[in-house]
Amino acid sequence: GSGTWTGVVTGVVYDDADGDGTRDAGEGGVAGVTVAYEVPYVGVLATTTTAADGGYELTGLPAGDGWVRFTLGGSVAYSFSYPGDNHREW
């Protein structure tokens with residue numbers, strides 16, 4: 001059947017200067033990173049670019065598993081699985 005997809009993925013891409021996996025004071029956001037949401041056997045369903053503060057939001061996503069891919073300067077910088085979470089900060 002048809003319906004409206006209402007899933008949302010939000011987050012922040014930031015420079016983890018000390019490499020501890022946690023955003024600390026002074027670790028600024030990274031603008032201009034392409035963020036894509038992909039679903040197995042379907043492909044990319046949504047893309048956006050991070051704002052000046054590194055924030056992003058992808059909307060209108062289906063329920064279920066997918067992954068988020070971050071691309072900076074033409075190279076995939078990081079990607080991770082997204083099994084039903086509604087927020088991650090990287």
Side-chain angles (χ1 to χ4, degrees):
S2 62
T4 302
W5 290 345
T6 60
V8 177
V9 174
T10 63
V12 177
V13 176
Y14 63 91
D15 180 14
D16 187 11
D18 60 8
D20 67 356
T22 302
R23 188 175 188 186
D24 303 310
E27 293 180 335
V30 180
V33 176
T34 300
V35 182
Y37 185 82
E38 299 182 46
V39 173
Y41 309 108
V42 175
V44 174
L45 295 183
T47 61
T48 191
T49 303
T50 57
D53 65 356
Y56 65 89
E57 179 178 80
L58 298 165
T59 60
L61 305 176
D65 294 346
W67 61 89
V68 177
R69 182 183 67 211
F70 301 91
T71 306
L72 179 61
S75 298
V76 174
Y78 190 81
S79 73
F80 63 91
S81 296
Y82 219 86
D85 289 349
N86 65 0
H87 179 82
R88 292 270 175 116
E89 186 169 317
W90 294 99

(Q) If you compare all heavy atoms of Y14 against all heavy atoms of V30, which two are closest, and at what distance to 0.1 Å? (A) C-CG2, 3.8 Å
Q. If you look at every heavy atom in G66 and P40, which pair is closest and at what distance?
A. CA-CD, 4.3 Å
**Q.** Shortest non-hydrogen contact between G21 and D16, atoms and distance
**A.** N-OD2, 2.7 Å
Q: Measure across V39 and D65 and return the closest heavy-atom pair with its distance rounded to 0.1 Å.
A: CG1-O, 4.1 Å
Q) Any side-chain heavy atom of E57 within less than 4.5 Å of one from T48? A) no
Q: May I ask whether V44 and V9 are part of the same hydrophobic cluster, defined by side-chain heavy atoms of I, L, V, M, F, W, Y residues being less than 4.5 angstrom apart, directly or through others?
A: no
Q | Check: E27 side chain, A17 main-chain N or O, donor-acceptor pair, under 3.5 Å | A | yes
Q: May I ask you to decide if G32's main-chain N or O and T50's side chain share a donor-acceptor pair within less than 3.5 Å?
A: yes
Q: May I ask you to decide if G28's main-chain N or O and D15's side chain share a donor-acceptor pair within less than 3.5 Å?
A: no
**Q.** Smallest separation among heavy atoms of A36 and L58, with atom names
**A.** C-CD1, 4.4 Å
Q. Taking all atoms of both residues into account, what is the closest heavy-atom pair of A52 and A31, and its distance?
A. CA-CB, 3.7 Å
Q | T34 side, atom OG1; F70 side, atom CZ - distance, nearest 0.5 Å | A | 11.0 Å
